[in-house]
2 protein chains.
Amino acid sequence: MADKIKVMIVDDHDMVRKGLKAYLATEDTIELVGEASSGHQAVRRFEALHPEVILMDLIMEEGSGIEATKQILARDPAKKIIILTSFYDDEQVFPAIEAGAMSYLLKTASSEEIIQAIYKAHAGKTVIDGKVAQKLITGLHKTTQPADQLTTREREVLKLIAEGRSNAEIAKLLFIGIKTVKTHVSSILSKLDVADRTQAAVYAYQNHLFSKE
Amino acid sequence: MADKIKVMIVDDHDMVRKGLKAYLATEDTIELVGEASSGHQAVRRFEALHPEVILMDLIMEEGSGIEATKQILARDPAKKIIILTSFYDDEQVFPAIEAGAMSYLLKTASSEEIIQAIYKAHAGKTVIDGKVAQKLITGLHKTTQPADQLTTREREVLKLIAEGRSNAEIAKLLFIGIKTVKTHVSSILSKLDVADRTQAAVYAYQNHLFSKE
DNA sequence: TTTTTTCTCCGACTTGAGATGGAGCATGGT
DNA sequence: ACCATGCTCCATCTCAAGTCGGAGAAAAAA
């Protein structure tokens, strides 16, 4: 209990690692046991370093923070992982929490906030930044968005519409008749409450329906 | 000449400022004269601090780095501004250079790279990260993209198409006849080499034509 | 088992979209 | 003065798109 909390930093920005190091240096109950500059590296190194708390960036060149989080927790579920991300507009809040991250902070966080988050994570408590929490709530609302009422088939059709395909093309691609495609299109339009296929495509883009696939 | 180079840091991430500070501390010919955590703050403070070189982040909550760069150079064109950004996928490379930034580095840059960039900027030389340079070249190619052949009016029409408007709606909004709208639409379709308005909308979204307006 | 949902398909009808080929008018450059 | 370009408008025509109202089959839920 009187021991130092062992912390590992994972971030591809050297200057961020330097900055965090400066933060941790002020606390004599925290010990930095290692760093990694990518998700892959983090997964390879953490077992030798056995940190208790890991500060993890999300967006990295090699191996995302989410992937690394999953793999690390798969091997040692006791690790406490704090996600540190640059933006609060990330659609990755959900995946990160699903992956098992304890806390979710923004990089605008102050020294104190990060130190506190480390202590709390070590004690098994969760810390989530206010702006991120808001995203979580609006994210929950988003679950009720019209697009979720679409059937699997309709979603496939909508995707093709969003690619600019005609009904005839869609029919060939899905091996169904044009009439059937029209039926699907009609129900898509009424479910999304839009007037035509162009508006449906606009809807798809504005709601980022297919951007991550 | 033997004097220290006066540097100012502008970034909304405290930990990044800490990291940069650690970088600069190793060089005894560089002096950190001040910091700012937003573009607005930078513009307000730089005159009192009179730095020679400014390390500027692009994405900040209050006042973008580009805006701050423009305003600072408007008051003192002799300032050397180095852009430091997180991503190389930024479409902001062009605007930043237009705004008058000397150099463009990524936050993945090492301590040495940043120190070197500061010396070079001070000497009036430009440094551009390799990945960013590639973007610049592909960006130049993009200048020849079909959308640039559109006239002002056609661009207005395309924007409305990308909102899902019908020809009739567009006619009313622009105070012109439906026939005229059709003429514009036809020339847009042929210039963009797409088959119908839906594909035009898709084109607009995939090329981020109106995302920043 | 019965009911509901989903996916499939059909015909007939209406209409918006787009192509084509013109035309007049203003602006700006040569 | 002349030519090119951009914006406006028109008529005609063709066809893809979308609506409406139905219907059968399979699978999942009740």
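Every chain is numbered from 1, with letters handed out A, B, ... down the list of sequences. Quick caveat, the model's predicted, so the values are computed rather than measured.
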Any salt bridge between K107(B) and D11(B), counting N to O under 4.0 Å?
yes
Please check if the side chain of E154(A) supplies one atom and the backbone of H184(A) the other of a donor-acceptor pair under 3.5 Å.
no
Salt bridge (charged side-chain N to carboxylate O under 4.0 Å, His left out) against R197(A), all qualifying residues, sequence neighbours excluded
none
Once you build an axis from the first five pairs and another from the last five of the helix from dT1(C)-dA30(D) to dT30(C)-dA1(D), how far apart in angle are they, to 10 degrees?
50°
Summary of protein contacts for nucleotides 3-23 of chain C, nucleotide by nucleotide, where a base hit scores B, a sugar-phosphate-only hit scores S (4.0 Å, heavy atoms):
---SSBBBS-----BBS----
Across all chains, not counting sequence neighbours, the salt bridge (charged side-chain N to carboxylate O under 4.0 Å, His left out) partners of E31(B) are none
Salt bridge (charged side-chain N to carboxylate O under 4.0 Å, His left out) contacts in which one or both residues fall within residues 32-42 of chain B, not counting sequence neighbours:
R17(B)-E35(B), K21(B)-E35(B)
Partner residues of E169(A) under the salt bridge (charged side-chain N to carboxylate O under 4.0 Å, His left out) criterion, sequence neighbours left out:
R165(A)
With sequence neighbours left out, write down each residue that passes salt bridge (charged side-chain N to carboxylate O under 4.0 Å, His left out) with K79(B), or none if nothing qualifies.
D76(B)
Salt bridge between K159(A) and E156(A), side-chain N to carboxylate O under 4.0 Å?
no
Of all residues at least two apart in sequence or in a different chain, which pass the side chain to side chain donor-acceptor pair (under 3.5 Å) check with E47(B)?
none
Which pairs, with at least one residue in residues 172-183 of chain A and sequence neighbours excluded, count as a side chain to side chain donor-acceptor pair (under 3.5 Å)?
none
Side-chain (Y205(B)) to main-chain (A162(B)) donor-acceptor, under 3.5 angstrom:
yes
Give every pair of a protein N or O atom and an N or O atom of nucleotides 24-30 of chain C that lie under 3.5 Å apart, one pair per line with the distance.
none

Please output the side-chain donor-acceptor pairs of residues 68-75 of chain B that fall under 3.5 Å, not counting sequence neighbours, one pair per line with the distance.
| residue | atom | partner | partner atom | Å |
| --- | --- | --- | --- | --- |
| T69(B) | OG1 | G65(B) | O | 2.6 |
| Q71(B) | NE2 | E67(B) | OE1 | 3.2 |

Please produce a list of atom pairs where a protein N or O lies less than 3.5 Å from an N or O of nucleotides 24-27 of chain D.
none

